[in-house]
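Worksheet: one structure, shown below.
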Amino acid sequence: MDVYLATPRGFCAGVDLAVDIVDLAIQRYGTPVYVKHQIVHNPKVVADVEAEGAITVESVEDVPEGAVVVFSAHGSPPSDYEKAKLRNLTVLDATCPLVTRVHNEAKKYSKDGKKIILIGHVDHQEVIGTTGQAEMVLVDERQDWTLPEWEEDVEVAVLTQTTLSVYDTAIAIGNIRKSHPDAIVRDDICYATTNRQAAATELADMTDLVLVIGAQNSSNCNRLKDVAIKKGVPAYLINGPEELDRSWLESVEKIGITSGASTPETQVKAVIEAVAPQNIFRVGPGEIKTTFAIPRDLRSLVGSGQRSSSKEESILDEDN
Ligand code: SF4
């Protein structure tokens, strides 16, 4: 049995940045540092930052008055910053810059008087943050949806959640364009999502089974699984080897393995060790390593502290 390993896979620049901000906050302020919502959607990453002294909470109201809180990578609505101010919290914003860009687009188009459509998944944390920025209509492409009956000359701007399926989003955009052919459509699906889906597509073309390593609540992991299933290949999303069902491997010669943007490489390595392949082949377009700088208003955090994201360099190959 051989393993075909997607490149790229695993941590993106936004996840590196968010984890680093928690680390730096702990170095600067000591423990505990609160984190509003899981810092990224992966239980191992959450457990690791909690082992260092972070406490994950689900809402600003759960943070004690005057404490230090990191807002997660998914982005937060303005109401959360207002609540934090009232509670005298020190807020460190770990929102991925590519999510902040979508927030800024929403505010700009709203100011310009355009109607905004957001393609995104109901109740996903990123969507909660983005829909809080301005008035907009949410289109969840997994469900039946209709748009309001706007005036014919209304100007429309279409934004997207950053971690959607490239394929499904293109279909939703095509449907929106039927009634709004001149709509401005932003390309908001992020580089990490796009590149990992491209690699997963190649993987599915040449394997009998695809294992996506990551968390069930990770949007981009679920979309990687969808990519393989759409290609007609059985695919499973598992956190690690403990969730691997050996019956999936019966009669399988070629296993594709990939992981989402919030999955530590150690989990991928553990699954590969459990599968014990004869050979490992790399598949996919690769990716130039991207790093997001610490936001200007948080640079004082860096001080003598060191960013730790280099810890998550690939441990299986050198080209990822
Ligand atoms: S998946 Fe994309 S949008 Fe989300 S944190 Fe990573 S780079 Fe940012």
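Note that ligands are numbered from 1 as they come in the structure, with each ligand's atoms numbered from 1 the same way. The figures here come from the full heavy-atom set of this structure, side chains too, leaving out hydrogens, waters and symmetry mates.
- F281 and Y4 have tilted rings, their planes meeting at an angle from 30° to 60° on a 0 to 90° scale.
- Checked by atom type, the side-chain pair T162/E126 shows a donor-acceptor distance below 3.5 Å.
- Judged by a 6.0 Å distance limit and a 45° cone about the ring axis, K36 is positioned over the six-membered ring of F71.
- Listed for the R196 side chain is no donor-acceptor partner under 3.5 Å among the backbone atoms of P8.
- K289 has a carboxylate O that lies under 4.0 Å from a charged side-chain N of D16, or vice versa, which qualifies the two as a salt bridge.
- Within the protein, the N, O or S atoms lying under 2.8 Å from atom 2 (Fe) of ligand 1 are C190 SG.
- Ring planes of W150 and H180: tilted class, angle from 30 to 60°.
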